[in-house]
Structures are given as C-alpha cells and as structure tokens.
2 protein chains.
Amino acid sequence: MDSRSRTMKVMRPLLHPSIEEITVESILHALADPVRVAIYAGLFQSDCAKNCTSLLGGCGASIPKSTLSQHFKVLREAGLIRSERRGVEMHNTTRCAEIEARFPGLLLAILNAHKLQQERKAKTAAASRRKSNATAKGQ
Amino acid sequence: MDSRSRTMKVMRPLLHPSIEEITVESILHALADPVRVAIYAGLFQSDCAKNCTSLLGGCGASIPKSTLSQHFKVLREAGLIRSERRGVEMHNTTRCAEIEARFPGLLLAILNAHKLQQERKAKTAAASRRKSNATAKGQ
DNA sequence: TCAATAGTTCACAAGTGCGGAACTAGTGAA
DNA sequence: TTCACTAGTTCCGCACTTGTGAACTATTGA
C-alpha cells in the first residue's frame, strides 16, 4: 500500500458515458445552466478546438476555474462533450453526431432556441442603451 | 389590519410568466426532471384535460401530493403550462402553441427524445424480463 | 354548517452547486 | 534533475435547492 494513497488526490480518468447511457434528462439538466449552454454553443460553433480558459474570456463574466471545471464535468458526464488531455491543456469536442443519431433534432432545437434568446436579449439591451443615452443627452 | 393577516397563509394567485419572460433555461430545467417530463408528455398527448391527481396514477410511483404540487408549480412558472381552478380541482393545459411561436421546434424535439427514450427503456425491460423468465424455467 | 376532496404552504432534512485553497499533471528552460 | 509556470482537478465549507409530512386554504355537495 502506497503511504500516500490515503491523503493523495489521484486524478481520476475522465468519465465519458457510452451513447446508450446518455439520457434526455441529463442532457437537459446540463444545458439548463446559462454558463453551460454558452460553453456548449461556443464549442458547437467552432467545433474541435476549445480548452477551458479560452472559453473563460468568451463567456463574459470571470468564472472561477474550479466552477468552470465543474461545468465541463457536467457536460462531459451528460455525454455532451468529449475531453482529452493534449499536453498541459484540455481538448474538448462535442459529441453532437452521436447524440443526433440517438435523439434526432434535440441538440439543434436547443441550440437554436438559445441563439434566438441571445439575439433577443442583445436587441433589447441595445434598445435600452439607446434610450438611456438619449435621456442622458436630454438632461 | 386583519387580525389573521400575519399568521394566515393566503393562497397566492397562480403565477404565469408572459411569453417574453419564458427562458430556454427555465424550460430545460423544468423538463430535466423525469417526473415533470412525464407529466408534461401526458398533458401534451391528451391535451386540455388533466388535474394533478389524475396524473398521480399515470406516473407510476406514488408521489406525495405536496411534491406533485411543487412539480406543477415549476412547470407553471417555467411557462410550460397554464393552470386554473375549475371548482375543487385544477385544470392544467400546455402552452405549447405560444412556446412553439417563440422557440420553434424546441418542445417537439424534447418530447420526441423523451418518447424515444421511453420506448427503448420499455424494450430493454421486456428483454430482461424474457431472459429472467427463461432462466427461471431452466432451473 | 359540516364533511369530503383537491391542492397549497410551511418547515425541515437531505441533496446539490459555487468558489477559494490546495492539489495534480504536463512542459520547457536552466 | 530541478524548478517555475500553466492548465485543470479535487476538496471542503457554506449557501441554495429539492422532497416530504403536517397543517392549512378553497370549493363543493349533503
């Protein structure tokens, strides 16, 4: 028995569920978080190349890396992404082809709805910005 | 000031978000629970008539009514259903037309994925039942 | 007015999630 | 080999969320 084995935190190998193990519930739960949909949408667009920190900037707010690590874990264990070490950093890819085969249309519908919501949010934000600028000038 | 007003629990009117207030996240969160998708799928199929207890039987396990009430509340406040009192019981209807207009294809994709998963589950359950029957006969 | 039925609210236990600190793991330079 | 650096994970305390029984509201029909 290794004397370190009790206290030592060994990094477990990353878990990826097989396609049969993936459930609708876990997919919906994973994508029910604004940060995680944003991560997933980003991954989906620029497929095949994203590590955690490159998304840190893109997601807007500064998210602690422990939190980000958790988010990636949730996405991974829901079967949405595949992560593998590439040297010092992580390489994340979507498993959208597999999921599309199992649950046709699901991911595209969610991502599309998310996009629509973002566009709408951007539009209303721009409108309220214009409005507050106008009142500022007015004063 | 009503003397009862402090201790008395007044039943608040049921909250229904307007269509603009409905978010993808809240929809996904609401449907990420196996009981709630089952409720929603049941409502969707036999549209325009379901009260809480009629779903109690359909959902399989015996769910406490306080829990069921919470589930309906989550669905309602996510904008997925509309509830109104009809005498002593509750009348729940889906708001699928509204949501379809706002997020096209989302609900159908989720419900379809859920159906696929249920069918698959039923099939594997039947297969394992057959198998255990065969071994029981064998002994 | 009272009993029955349907559903809600409350309180609390149990579970889940966030984020800082401490860690592992890989790399490249001295 | 050793050291510093970077990328990400694990642990743990604390806050928030969820499930459930008990007590309640609301409505109906006798």
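So you know, we letter chains A, B, ... as the sequences are listed, proteins then strands, and number each from 1.
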Please state how far atom [atom1] in [X] lies from atom [atom2] in [N], giving the value in whole angstrom units.
X	N	atom1	atom2	result
Glu77(A)	dT10(D)	CD	C1'	13 Å
Ile63(B)	dT18(D)	CD1	P	16 Å
Asn92(A)	dA7(D)	CG	P	14 Å
Lys73(B)	dA6(C)	NZ	P	22 Å
Phe72(A)	dT10(D)	CZ	C1'	17 Å
Leu15(B)	dT8(C)	CG	P	12 Å
Arg86(B)	dG29(D)	CZ	P	15 Å
Leu68(A)	dA7(D)	CG	P	13 Å

Tell me every residue that passes salt bridge (Lys or Arg N to Asp or Glu O under 4.0 Å) with Glu100(A), counting only those two or more places apart in sequence or in another chain.
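Checked Glu100(A) against salt bridge (Lys or Arg N to Asp or Glu O under 4.0 Å); zero matches.
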For Arg120(A), all residues meeting salt bridge (Lys or Arg N to Asp or Glu O under 4.0 Å), sequence neighbours excluded
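Arg120(A) satisfies salt bridge (Lys or Arg N to Asp or Glu O under 4.0 Å) with no other residue.
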Map Ser66(A) and Ser66(B) onto DNA chain C by nearest heavy atom, then report which one ends up closer to the 5' terminus.
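Nearer the 5' end of the strand: Ser66(B).
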Does any part of the side chain of Val37(B), heavy atoms only, come nearer than 4.5 Å to the side chain of Val24(A), both counted from C-beta?
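No, side chains not in contact.
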In terms of side-chain geometry, is the basic nitrogen of Arg82(B) or Glu98(B) positioned less than 4.0 Å from the acidic oxygen of its partner?
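Salt bridge: yes.
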Going by atom types alone, do Ser66(A) and Ser69(A) pair a side-chain donor with an acceptor below 3.5 Å?
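There is no such pair (donor and acceptor under 3.5 Å, judged by atom type) between the side chains of Ser66(A) and Ser69(A).
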Nearest heavy atoms of Ile27(B) and Ala78(B), plus distance in Å
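Ile27(B) and Ala78(B) have their closest heavy atoms at CG1-O, 4.2 Å.
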For nucleotides 12-18 of chain C, which of its nitrogen or oxygen atoms have a protein nitrogen or oxygen under 3.5 Å away, and what is each distance?
from	atom 1	to	atom 2	distance (Å)
dG17(C)	OP1	His29(A)	NE2	3.2

Shortest side-chain distance from [X], nucleotide among [options]:
X	options	result
Met11(B)	dC24(D), dG20(C), dG21(D)	dC24(D)
Glu89(B)	dA7(D), dA6(C), dC10(C)	dA6(C)
Leu14(A)	dT9(D), dT5(C), dG20(C)	dT9(D)
Arg85(B)	dA6(C), dG20(C), dG26(C)	dA6(C)

Does the His29(B) side chain pair with the main chain of Asp33(A), one donor and one acceptor, at a distance under 3.5 Å?
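No: the side chain of His29(B) does not pair with the backbone of Asp33(A).
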Does OP1 or OP2 of dC11(D) have a side-chain N or O of Arg12(A) closer than 4.0 Å?
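Yes.
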Report yes or no: is there a donor-acceptor pair, N or O only, under 3.5 Å between the side chain of Ser69(B) and the base of dG7(C)?
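By the distance-only test, no, there is no pair.
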